[in-house]
Amino acid sequence: MNKTSRMEKLNREIGLCVKCRLSITRIKPVPGEGPLDADYFIIGQGPGANEDETGRPFIGRSGKLLTELLALAGIDRSKETFITSIVKCLPTPPLNRKPRPDEIAACCDYLARQIELVGSKKIILLGDVAFRRFFPKDKFSDWRGKWRDSGGRKYFISYHPAAGIRFQKFKKILEADYKAINKLD
Ligand code: URA
């Protein structure tokens with residue numbers, strides 16, 4: 001089976017998934033999107049309300065900021081990135097809460113298969129939920145703004161763009177981090 005067919009099959013599985021409680025409240029699952037040979041694989045926390053309605057990742061305000069941050073790094077979102085999240089369905093109630101450990105555990109096989117399939121060597125982790133999934137023993141603050149090698153891939157760690165929308169201070173840090181991404185690489 002070629003990459004496109006394998007991703008379509010995976011997306012169908014995600015579309016029918018009832019492995020956790022988020023499947024009861026979701027409108028649409030949000031598997032992720034981007035070229036299947038993307039240089040950068042980007043991982044958020046979980047879909048928000050806009051994403052839940054459309055089934056597409058990062059299309060709300062966080063998504064707009066993410067696109068701008070990637071442009072600061074010289075990265076073209078649509079051509080060079082595959083974007084998804086730790087969980088594929090909207091965490092609620094309350095709306096936009098962090099996904100719970102059992103929801104992450106139920107969903108993580110989909111993410112592992114996506115990473116394998118796309119094969120990007122560079123992964124950008126958006127925020128502490130994504131960071132903890134890969135580096136559970138480490139402190140987010142020790143790694144923010146840095147690249148880190150693990151298992152033959154490189155991981156760049158920074159805040160979730162939603163933090164930059166809420167607080168100007170985080171937006172400034174995000175901008176500085178993304179400007180430096182390819183200098184630090
Ligand atoms: N935040 C995320 O973590 N993922 C999305 O798809 C949208 C917002």
Side-chain angles (χ1 to χ4, degrees), residues 7 10-11 13-15 17 19-23 25-36 38 40-71 73 75-78 80-115 117-118 120 122-136 140 143-144 155-167 170-171 173-175 177-178 181:
M7 189 59 93
L10 183 48
N11 288 345
E13 278 182 51
I14 295 171
C17 183
K19 287 201 251 178
C20 85
R21 64 181 78 73
L22 301 184
S23 63
T25 44
R26 73 172 177 232
I27 300 173
K28 288 189 180 174
V30 185
E33 66 185 30
L36 300 186
Y40 297 87
F41 192 100
I42 302 183
I43 307 176
Q45 175 175 303
N50 292 307
E51 291 78 15
D52 182 53
E53 271 168 33
T54 57
R56 300 189 53 216
F58 282 96
I59 54 150
R61 288 174 70 202
S62 294
K64 184 168 177 288
L65 179 56
L66 177 62
T67 308
E68 288 165 11
L69 291 167
L70 290 167
I75 300 169
D76 182 324
R77 169 174 168 164
S78 62
E80 298 181 84
T81 71
F82 187 93
I83 306 186
T84 186
S85 297
I86 291 285
V87 295
K88 312 304 187 201
C89 297
L90 172 70
T92 190
L95 191 63
N96 285 332
R97 66 166 167 78
K98 287 191 178 183
R100 298 188 186 132
D102 65 322
E103 295 159 354
I104 295 174
C107 210
C108 67
D109 175 61
Y110 298 131
L111 179 65
R113 286 162 65 193
Q114 288 175 318
I115 294 172
L117 218 161
V118 179
S120 322
K122 295 176 187 175
I123 297 189
I124 300 178
L125 301 176
L126 307 179
D128 65 312
V129 170
F131 175 75
R132 257 186 283 126
R133 173 75 211 149
F134 290 84
F135 305 108
F140 178 82
W143 286 99
R144 201 226 83 241
Y155 294 79
F156 187 77
I157 294 113
S158 191
Y159 295 121
H160 193 289
I165 288 172
R166 272 184 231 122
F167 304 103
F170 289 115
K171 188 167 179 204
I173 298 171
L174 275 161
E175 286 169 352
D177 284 354
Y178 278 76
I181 271 193

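Whatever order the structure lists them in is the order used to number ligands and atoms, beginning at 1. Keep in mind the model is a prediction, meaning the values are calculated, not measured.
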So how far is it from Leu125 CG to Arg132 CZ, rounded to the nearest 0.5 Å? 12.0 Å
When you look for heavy atoms under 4.0 Å from ligand 1, do you find them on the side chain of Glu51, its backbone, both, or neither? side chain
Please state whether the rings of Tyr178 and Phe156 are parallel, tilted or perpendicular, taking 30° and 60° as the class boundaries. perpendicular
Where is the nearest protein heavy atom to atom 8 (C) of ligand 1: which residue, which atom, and how far? Phe58 CE2, 3.6 Å
Suppose we measure from atom 4 (N) of ligand 1 to each protein heavy atom; which comes out shortest, and what is that distance? Ser85 OG, 2.8 Å
Tell me whether Lys19 forms a cation-pi arrangement with Tyr110, defined as NZ or CZ under 6.0 Å from the six-membered ring centre and within 45 degrees of its axis. yes
Atoms in ligand 1 flagged as close to Gly44, the criterion being non-hydrogen separation under 4.0 Å: 3 (O)
If you count the atoms of ligand 1 from 1 in the order shown, which ones are under 4.0 Å from a heavy atom of His160? 1 (N), 2 (C), 3 (O)
Does any part of the side chain of Ile165, heavy atoms only, come nearer than 4.5 Å to the side chain of Ser62, both counted from C-beta? yes
Does atom CZ of Arg56 have more than 12 heavy-atom neighbours, drawn from other residues, nucleotides or ligands, at distances under 6.0 Å? no
Looking at atom 2 (C) of ligand 1, what's its closest protein heavy atom, distance included? Gly46 O, 2.9 Å
Looking at atom 3 (O) of ligand 1, what's its closest protein heavy atom, distance included? Gln45 N, 2.6 Å
Using the six-membered ring wherever Trp is involved, compare the ring planes of Phe131 and Phe135 and label them parallel, tilted or perpendicular (cut-offs 30° and 60°). tilted
